[in-house]
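The structure appears right after this line, and notes come after that.
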Amino acid sequence: MTQRNQRKYVPNLPSMQALCELNYSYVLRILPDCDTEDLSYEFSVGVGLSYEIRIVDSSRYTSTISIKQTTKDMPSYLTPSMTVRLYHDARMAEVINSQNTGALEPSYDYPNLKMRQRNEKHMVNIFLAEWLNFCLQHASNVTSEA
């Protein structure tokens with residue numbers, strides 16, 4: 001094992017904060033009313049790509065949303081799903097659960113039993129940013145239902 005692999009991964013906090021701020025701005029552009037509990041939005045992006053965003057919990061400073069792909073022709077284990085916490089006072093959105101695997105740790109030792117990447121949390125938040133950006137780029141094809 002090399003010296004590089006033995007060192008513990010330390011998340012880059014400024015990079016993570018910038019990513020969470022970007023995700024928050026994207027969510028606000030897609031969801032006009034993200035602080036009302038029990039709302040559900042369905043998006044169709046292009047042909048065959050359907051998503052659902054559901055507001056699970058909402059309080060004064062935070063909201064929790066569930067995002068999942070609802071495409072019918074795909075097995076459930078291949079469809080992305082995640083839980084995102086919105087921090088309204090800090091204007092940040094962070095993925096707290098992805099693919100129903102439980103809470104994400106800031107970093108993981110590698111190798112580990114679940115074979116998670118050392119920077120798994122950061123990578124899942126990058127995926128969220130890319131997905132939200134994709135939805136915004138195809139905004140003319142996005143339809144929402146409350």
Side-chain angles (χ1 to χ4, degrees), residues 4-46 48-72 74 76-146:
R4 186 179 191 289
N5 289 339
Q6 292 177 354
R7 290 185 20 210
K8 182 169 174 64
Y9 170 77
V10 179
N12 183 331
L13 191 57
S15 173
M16 185 66 168
Q17 287 176 326
L19 182 57
C20 290
E21 289 170 0
L22 178 66
N23 285 342
Y24 185 83
S25 70
Y26 285 165
V27 168
L28 286 186
R29 288 173 55 193
I30 291 175
L31 296 179
D33 191 14
C34 67
D35 59 351
T36 303
E37 200 170 334
D38 295 329
L39 280 182
S40 175
Y41 296 88
E42 292 181 8
F43 296 92
S44 294
V45 180
L49 289 175
S50 300
Y51 299 94
E52 178 188 69
I53 299 177
R54 188 170 45 88
I55 301 172
V56 177
D57 183 41
S58 186
S59 65
R60 183 174 182 181
Y61 297 109
T62 63
S63 296
T64 305
I65 61 176
S66 165
I67 302 174
K68 65 180 178 178
Q69 185 173 341
T70 58
T71 307
K72 293 174 179 47
M74 220 181 239
S76 62
Y77 65 89
L78 288 178
T79 56
S81 66
M82 60 185 74
T83 305
V84 179
R85 173 100 14 96
L86 305 175
Y87 302 97
H88 301 298
D89 54 344
R91 303 187 59 78
M92 298 173 89
E94 171 187 35
V95 177
I96 57 174
N97 181 338
S98 176
Q99 299 300 104
N100 299 317
T101 59
L104 291 167
E105 298 292 328
S107 66
Y108 293 93
D109 291 330
Y110 193 84
N112 56 65
L113 291 176
K114 295 185 180 180
M115 293 306 294
R116 292 197 174 150
Q117 297 296 315
R118 297 169 70 155
N119 61 345
E120 184 96 9
K121 185 170 194 154
H122 191 80
M123 297 306 293
V124 170
N125 279 283
I126 288 173
F127 174 77
L128 175 63
E130 290 173 352
W131 178 79
L132 293 171
N133 186 39
F134 172 80
C135 289
L136 290 169
Q137 286 179 351
H138 296 85
S140 60
N141 299 331
V142 173
T143 59
S144 67
E145 298 174 4

* To do: Without swapping roles, check the side chain of Gln69 against the backbone of Ser50 for a donor-acceptor pair under 3.5 Å.
  => no
* In this structure, are over 12 heavy atoms from other groups packed under 6.0 Å from Asn133 atom CG? -> yes
* Structure fact -> Separation between OG (Ser66) and CD1 (Ile53), nearest 0.5 Å, reads 9.0 Å
* His88 and Ser59: which non-hydrogen atoms are nearest, and at how many Å? -> CD2-O, 4.4 Å
* Structure fact -> Distance col, row Arg54:CZ vs Ser40:OG, nearest 0.5 angstrom, shows 7.0 Å
* Asked: What distance separates Leu22 CG from Arg91 CZ, expressed to the nearest 0.5 Å?
  -> 12.5 Å
* To do: Apply the side-chain contact (heavy atoms from CB on, under 4.5 Å) test between Tyr41 and each candidate in Ile65, Leu31, Ile67, Ile30; give the one that qualifies.
  => Leu31
* What's the spacing between Met123 CE and Ser98 OG if we round to 0.5 Å? -> 12.0 Å
* Of the non-hydrogen atoms in Tyr24 and Met92, which two are nearest, and what is the gap between them? -> CD1-O, 3.4 Å
* Asked: What pair of heavy atoms forms the shortest contact from His122 to Leu19, and how long is it?
  -> O-CD2, 3.9 Å
* So, Thr64 and Arg85: side-chain donor and acceptor under 3.5 Å apart, yes or no? -> yes
* CZ on Phe134 to OH on Tyr26, rounded to 0.5 Å -> 13.5 Å
* Considering all heavy atoms, the nearest Ala93-Asn125 contact -> O-OD1, 4.0 Å
* **Derivation and outcome, side chain to side chain contact (heavy atoms under 4.5 Å, CB included), residues Val56 and Thr83** => CA-CA 9 Å; Val56 177; Thr83 305; 5.8 Å; no
* **Smallest separation among heavy atoms of Ser81 and Lys68, with atom names** => CB-CB, 3.8 Å
* Distance-minimising heavy-atom pair for Thr70 and Tyr51 -> OG1-N, 3.8 Å
* Asked: Only one of Ile96, Asn97, Leu128 clears side-chain contact (heavy atoms from CB on, under 4.5 Å) with Met82; which?
  -> Leu128
* Is Glu120 reaching over with its side chain to a backbone N or O of Gln117, donor-acceptor style, under 3.5 angstrom? -> yes
